[in-house]
Amino acid sequence: MKKNFELQLSGSGGQGVILAAIILADAAIAQGLNAVQTQSYGPEARGGASKSEVIISSEEIYFPKVRKADILLALTQNSYDKYVDFLDENGILIVDDHVKVDEDLPNKVYNLPILNSAFDKFGTRMVANIISVGAIYALLGENVIDKNIMLRSITERVPPVTVEKNIAAFNEGIKLIRG
Amino acid sequence: MKKNFELQLSGSGGQGVILAAIILADAAIAQGLNAVQTQSYGPEARGGASKSEVIISSEEIYFPKVRKADILLALTQNSYDKYVDFLDENGILIVDDHVKVDEDLPNKVYNLPILNSAFDKFGTRMVANIISVGAIYALLGENVIDKNIMLRSITERVPPVTVEKNIAAFNEGIKLIRG
Amino acid sequence: MSNKKYKLLQGNEACVEGALAAGMRFFAGYPITPSTEIAEISSQRLPLIGGKFIQMEDELASMAAIIGASLTGLKSMTATSGPGFSLMQENIGYAAITETPCVIVNVQRGGPSTGLPTSPAQGDVMQAKWGTHGDHPVVALTPNSVQETYEYTVKAFNIAEKYRTPVILLMDETVGHMREKMIIKDPSEIEVINRKKPNCKPIEYIAFKPDKDMVPPMAAFGEGYRYHVTGLVHDETGFPTNNNEVAENLIRRLVEKIEKNIEDFSYYEEYRLEDAEVVIVAYGGVSRSAKYAVDELRKKNIKAGMFRPITIWPFLEKQIREVGLRAKEIYVAEMNLGQYFLEVERVAGKYCSVKKINKVNGELMTPDEIINSIGGNI
Amino acid sequence: MSNKKYKLLQGNEACVEGALAAGMRFFAGYPITPSTEIAEISSQRLPLIGGKFIQMEDELASMAAIIGASLTGLKSMTATSGPGFSLMQENIGYAAITETPCVIVNVQRGGPSTGLPTSPAQGDVMQAKWGTHGDHPVVALTPNSVQETYEYTVKAFNIAEKYRTPVILLMDETVGHMREKMIIKDPSEIEVINRKKPNCKPIEYIAFKPDKDMVPPMAAFGEGYRYHVTGLVHDETGFPTNNNEVAENLIRRLVEKIEKNIEDFSYYEEYRLEDAEVVIVAYGGVSRSAKYAVDELRKKNIKAGMFRPITIWPFLEKQIREVGLRAKEIYVAEMNLGQYFLEVERVAGKYCSVKKINKVNGELMTPDEIINSIGGNI
Amino acid sequence: MADKALHLNKKWCKGCGVCVGFCPKQVLKIEDNKCVIAYPEKCIHCGQCELRCPDNAIYIGGRSDEQ
Amino acid sequence: MADKALHLNKKWCKGCGVCVGFCPKQVLKIEDNKCVIAYPEKCIHCGQCELRCPDNAIYIGGRSDEQ
Amino acid sequence: MNCNSTTKNYYRTEKLPHIWCPGCGHGTLLNAVVRAIEKLGLNKDEVVVVSGIGCSSRAPGYLDFNTLHTTHGRALAFATGIKFANPKLHVIVIMGDGDSSAIGGNHLIHAARRNIDLTTIVFNNNIYGMTGGQYSPTTPYGDFATTSAYGNIEKPFDLCSLAQGAGSTYVGRGTAYHTRLMQNLVEKAIQNKGFSFVEGLSICPTYYGRKNKKGDAFEMHTFYKENCVDIKVAEKDPEKGKNKILIGEFHSCPKPEYTESYQVIIDRFQGMGV
Amino acid sequence: MNCNSTTKNYYRTEKLPHIWCPGCGHGTLLNAVVRAIEKLGLNKDEVVVVSGIGCSSRAPGYLDFNTLHTTHGRALAFATGIKFANPKLHVIVIMGDGDSSAIGGNHLIHAARRNIDLTTIVFNNNIYGMTGGQYSPTTPYGDFATTSAYGNIEKPFDLCSLAQGAGSTYVGRGTAYHTRLMQNLVEKAIQNKGFSFVEGLSICPTYYGRKNKKGDAFEMHTFYKENCVDIKVAEKDPEKGKNKILIGEFHSCPKPEYTESYQVIIDRFQGMGV
Ligand SMILES: Cc1ncc(C[n+]2csc(CCOP(=O)(O)OP(=O)(O)O)c2C)c(N)n1
Ligand SMILES: Cc1ncc(C[n+]2csc(CCOP(=O)(O)OP(=O)(O)O)c2C)c(N)n1
Ligand code: SF4
Ligand code: SF4
Ligand code: SF4
Ligand code: SF4
Ligand code: SF4
Ligand code: SF4
Ligand SMILES: [Mg+2]
Ligand SMILES: [Mg+2]
């Protein structure tokens, strides 16, 4: 595997990108890797754009913040606008499909119906974050984190009554990437 | 005159040795000299021995505390015991006559009936401090501070209704020394 | 496959884990960003083990309550950030003069005043030492990772108990809010130190008479040793005095019991220092960037190294002197306008050049910023 | 015969006289030994000239009230001692970040905690600089006589008004309670500086946009300039921001407007320094003993001199460096365990040996103690 | 009443739904996290929405206010 | 009552006069800033003085307490 | 500007929307306060709005007056300095329940005791909103918060009784639902020459609501609608007040005001003495 | 030891005489407190006496219990930590009027609100004694002090109402003159499981007395003797209470105590969770 993955997950406050990042970091650790998860706090976290970061690495992680994202998730226009500059030139962008992406963006872009899938297939936008986790997981590839570990991490971190729905959402996210 | 006089006035809290020191310092300044007055604060000032100091000098006074007293006034046994060591070997001691003075004390000692005079002649122990001022003034001598300046200083610092009584007390103090 | 001994924890959570491992049984606090999670988690965890949590009306009261609880025998802690730390200062001095063990966590945020409540900063370093009036002893530790937060919270309690003194765990928002993998140790692996109790009869107990180690044994209220505690200068019996010699001895002993025992808790990390000509001095969150910068600078053939104080107070005078003697240049990198720098310059300035790298914009200092500051100079 | 322009005044009284001469019209305070007379006399004098005195419920409130009054246009002051000074720290930081002129008098007594309430000490020197959280500007002045207390209280107000910053008058019990002769000057002889007002229309007023001197003009509440004041990091309009660059600029400007203008208020006394090989650095009450000691040492053929900072913060780096370059030895004599010493050592330690003479027993350091400490070394 | 009209400032609206709940005539609904004036014709200009909107985002103004 | 006696601790007495004021039998007086039991024989051991002395300096004890 | 005229005239519209969460009752209460000021026709230059720290305390920043956002709990002490320095100003203090009665409780009782002419308005949402939902001195017994996961064991203050007991000369309570009442109380509070205290029961759907299953903002409004009874009604028919939250004007009893009493001293002694 | 047996058994006699001025009411009140403890036969090892800073707050130093002299105004916050850490202890807090209600007002109302089992006793001499006679929050309107040379314009707190309003479950007032009553109130206060508040009107001849021409200590006692009426008497015959100082037991109404409520949580959840 690549030594180091820097992931940035963004959306509006309440969309659960922090939990998504925690699940990813948790799984990475269970996998025996190192991971550091951070997030933006403050008034922004309430209403405005919310950002959460994970660095996954096989080595010790010193600097805990993402400098250039290998993967950027943006669930809202606002968060895309605010954070797109953090994307590495070789990085991958995942956006919800209602987000307008700059045409000249050189990156690989996944334009996924995350919010709509959540609503249409699961009846609640609340699972958009876990769908996103699925998509990110799919892009990282099996050889970074084991799927079972991912599933356990989700199971441990979401409210017990929602486990099933969230696991389905996770699989939905994988499907959005792998088709 | 001698360049420098270090005076220490002690008694119990409430005997007014601080006011006495202020009056002396005030007069010294009016005389065109330098003076620094300090006092002990704190729980002692309430009940225990109370101490007040004046340094009078024709030069600038740096260190504001008495190191060796040229004159020590002690109105109580307690204050005598506590402060006698501050007396310069050539210093003069003034004590109220009920205070027992060490027999081997090498200093010139004035054993004056200050408290009794106050009570007997003025009906109140409250003027003992001004009697003491009179005694100290007398020992310093006319050439240090002018008598009129002393009187004005007393007049300005004691409660208006007690001016007359206090001036009489001052004169009584002078008499105790000069006879 | 899965590695069960590792957990993903936030720095603030790790602090509570460490405190509980060290024996904390009392927490009093008042919420404030970015330290609030410490109170929240304590409130949830303590009753489960018979411990006590109380949310006080403000930080003055929180500090007072932990002193009261500690005097009554419980290991006690509070946690706060800048504004609350300022409010605790008077009673921190009280803990120092009464020799009451306690741990005060300050998760630093941007100051002064309300400042930047959710941003990382290291602006309270000098305040940790000088925030309360009068000369007083101070121990302050600055962890730089979640794991260290756990470990050094334990050590903070140990130092507090051993030396009967308030200990400050000086975190920063970066470390407090970061999640990282952490090993929760088995209780048997953790050294826990408890305060020394009197082993004399109550009648013989002289509450503030120090042993040879300069620390007096401590009885808890209710154990039969009836004694007096005051924030006034006091003699060995604990009663107020104005005796000048006794006063001088007390103040000096309080400070010396810490400074003379500094070897006992001189914690620091040396990174690639052996042959280093350029030494970055950094602590807390910034030290993570500094370590990265060292590696990068080495790649550019600059003989860089890092000295990282974990014990930030008392000042590691001996170690910094040695660094100064060996290095050509020291860069003190801090998220303030140059606080620890002053002490480094004082001690090492005679031997080498000491420069500062500062940032107070509310973002963690990056490796690049450190590299560029140094590069610009080389 | 009698010299009418002299008066016998206590240091604390002189402070009030100076404040009134400087234009103080508001005082909020809470009694505490040894500063209480400042409140008492203010309470008696202020209404006589239409000014306002209020005794607040505590020191936190006193500090808050003077900031409120200053924002409303009145020159404002409070006075306290150690414990109260600790309690004021949070709001002192607020005054700094909101650039509200005000004067805080701290008549130092023995610490830490309740300590020695009626005894002289100089233990709050570092606290005056570092007492509040976060980086912040500080100006602190230390008079050493009744006359100077008067003069430097005026200057404290002038600096506060000119630079829109809190200024600390750092007295000590010796100076505060001592009575000495003093000249009360004619108002015409006293330079009084008032804060700079905006001369634009309210609509054009950008409340925290600095002029070239780094200081923004200041409108009072009620004058028609409706603006916002906050203790959060804010932009030039006064509204909160998380913009990193703006944040960095604000914090740096606050500190630099003081440090870059230090020449404007670098007050100090040099005594017999010309050819001095042994220099005593001392301030406040102790400097009086030091001066005496210099004369005595000279009599013993020791080339002694004294450098006395009156502006104690910001640190007189330039002057101390020069002293260091010329002296063989510097002795920093203080009634604490060596606080100002740290800064002197930092700056002069490269050039000469810097030693400390300390005393924390509640009594004024005597000339003999200084002489003996130096004599013992020579 | 003819010269009155209901206005919505979408930029300020946070879609809390308070106005929707209080409207006696079901004029309003939430769509995409914002209030929408779904049936302006049913509005009786009672002002309930304006009175309780925490965000000053909905109000009754003159028709001329319409942009 | 025969085995009771009035005691005074001169060291502690500060001569405030409170006991003197409250004594119903004029047993006490102040001399040289200290309380003096001037007329012990008049004392009825009512305890008023002991009850109000701020300094625990005057009290009724057994005769054996006398030193 | 796409807003009503009150908003246009009294808000700093360029700062809107405010940072409060969707449905937060603070916005509704603030509107009531602003309408009261509008109704009284106060000169904007002579109004100072002061706050401490908290969600509620962000209010002044949105208002076009002289505004001061101070330190946590200290708003009334700052306001005391302002009012005393220039008694002509109308000084209105907006605080949260935590700000006013936890850390700021002492300043509250002392400002009330002095009867200094400040109009104090507390947006009481029974929680510390800004720091994420810890219990406050007004969180009901048994309720949940991030620091009372097992149910709150502290008894809540009745802020109005506390303020009245300490000396306030005008006291009343409204809610985010009872906006007209709220406006009315604030109007009278401003007119009272002395220390006035108005509690506005607010709504924090984000923390208090969520933790205690109170539903969304609208449901929380409905709760106030259904569970509040005006003191006048309850006084006439105590049955109606049973187990209800009392609202309305509780106390109005003018007494000598602090800055006026001080002015009497100045008038008598100014020019005397040294 | 030349003193009565109560003094011998409960005082640190080697520390006497205390630092209080001749005639200071604090000494008399303290004796009443000690007699109450003696009467209840409390185990000295289980009694903690806590104070702040002030003349009154010097009291613990003279008593043979676990004693703690804290910082100004904070005694109740320290005491809360003590009591909560070991609920078996009897924690008695002695403060002055300034200590308890000026700088310490917030801790007073919060300790009362929590109904934590502390016995709070205020020696109220209507002045700051220790610092030399400044007015306090209980100095009567119009009275003189070093900071109210023109007469005090602040309205005094009624400390008992304040404490009761904040939640104390036992409240009473005695005086230095009414020592038996004082003893009785303290006894009951200690027995009340919850926050108890007893005000003892004290006497400061040195400052309050002198500044306000109240005569010597005996005259000040006499004033209390002549101007206090027991609440029971006043309730029966309001005429008798007119313009008088009310004393006696004002309020006794036990409620769930804080440390006991917390113990319920521990008992329920201990051992659960991680
Ligand atoms: C000295 C200090 N302590 C703590 C804080 C953190 N803090 C900010 S707001 C707040 C409480 C807010 O609650 P409340 O006053 O009820 O206002 P709300 O946010 O609920 O409107 C706290 C504890 C602070 N800013 N300063
Ligand atoms: C923080 C702080 N502020 C002020 C003081 C000074 N101070 C000591 S005691 C006191 C007031 C004492 O008055 P009170 O509580 O009524 O007790 P009393 O002396 O009258 O018995 C004050 C203001 C202090 N020690 N600490
Ligand atoms: S009440 Fe206001 S903010 Fe809420 S949905 Fe309606 S218009 Fe939008
Ligand atoms: S004005 Fe009345 S009817 Fe019209 S939308 Fe608003 S609430 Fe509904
Ligand atoms: S009451 Fe006590 S202290 Fe006062 S005079 Fe009598 S015995 Fe002495
Ligand atoms: S016991 Fe009664 S009669 Fe005897 S001295 Fe005391 S007060 Fe007087
Ligand atoms: S947290 Fe609560 S009080 Fe704060 S803005 Fe959100 S809803 Fe309002
Ligand atoms: S100053 Fe007053 S309160 Fe203090 S000891 Fe003296 S008489 Fe008592
Ligand atoms: Mg709230
Ligand atoms: Mg008092």
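Hydrogens, waters and symmetry mates play no part in the numbers below; they use all other heavy atoms, side chains included. Sequence lines set the chain letters: A, B, ... in the order given, protein chains first and strands last, and positions in each chain run from 1.
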How long is the gap from [atom1] on [X] to [atom2] on [Y], to the nearest 0.5 Å?
X: Ile203(G); Y: Arg52(E); atom1: CD1; atom2: CZ; value: 9.5 Å
X: Asn4(G); Y: Ile60(E); atom1: CG; atom2: CD1; value: 9.5 Å
X: Thr7(G); Y: Trp12(E); atom1: OG1; atom2: CH2; value: 6.0 Å
X: Asp55(E); Y: Leu16(G); atom1: CG; atom2: CG; value: 8.0 Å

Shortest non-hydrogen separation from [X] to [Y] and the atoms involved:
X: Gly23(G); Y: Cys16(E); result: N-CB, 3.0 Å
X: Cys21(G); Y: Lys14(E); result: C-CD, 4.2 Å
X: Pro54(E); Y: His18(G); result: O-NE2, 2.9 Å

*Just jot down the ring-ring contact (aromatic ring centres under 6.0 Å, His included) partners of His26(G), sequence neighbours excluded, or say none.*
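Partners of His26(G) by the ring-ring contact (aromatic ring centres under 6.0 Å, His included) criterion, ordered by chain and then number, come out as Trp20(G), Phe123(G).
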
Tell me if the [atom1] atom of [X] is crowded by more than 12 foreign heavy atoms within 6.0 Å.
X: Lys240(G); atom1: NZ; value: no
X: Asn227(G); atom1: CG; value: yes
X: Lys42(E); atom1: NZ; value: yes

*Side chain, backbone, both or neither: which part of Leu8(E) has a heavy atom under 4.5 Å from chain G?*
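Leu8(E) touches chain G through backbone heavy atoms alone.
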
*Tabulate, in ascending numerical order, the residues of residues 209-226 of chain G having at least one heavy atom closer than 4.5 Å to a heavy atom of chain E, or enter 'none'.*
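Within residues 209-226 of chain G, the residues under 4.5 Å from chain E are Ala217(G), Phe218(G), His221(G).
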
_Sorted by number, residues from residues 179-186 of chain G in contact with chain E (heavy atoms, under 4.5 Å)_ =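 Residues in range: Thr179(G), Arg180(G).
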
*So which bits of residues 22-30 of chain E come within less than 4.5 Å of chain G, counting non-hydrogen atoms only?*
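Checking residues 22-30 of chain E against chain G gives Phe22(E).
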
_Does any backbone or side-chain atom of Thr13(G) lie under 4.5 Å from a heavy atom of chain E? Answer side chain, backbone, both or neither._
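Both backbone and side chain of Thr13(G) come within 4.5 Å of chain E.
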
*Relative to chain E, which segment of Tyr62(G) carries a heavy atom at a distance below 4.5 Å: side chain, backbone, both, or neither?*
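Neither part.
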
*Under 3.5 Å: donor-acceptor pair, side chain of Asn9(E), backbone of Asn2(G)*: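 A pair under 3.5 Å: yes.
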
*Of Thr6(G), Thr28(G), Asn31(G), which is the lone residue that meets side chain to side chain donor-acceptor pair (under 3.5 Å) with Asn56(E)?*
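Among the candidates, only Asn31(G) passes.
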
*Top residue by heavy-atom pair count (under 4.5 Å) with chain G, among Val18(E), Ile58(E), Val20(E)?*
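Option with the greatest count: Val18(E).
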
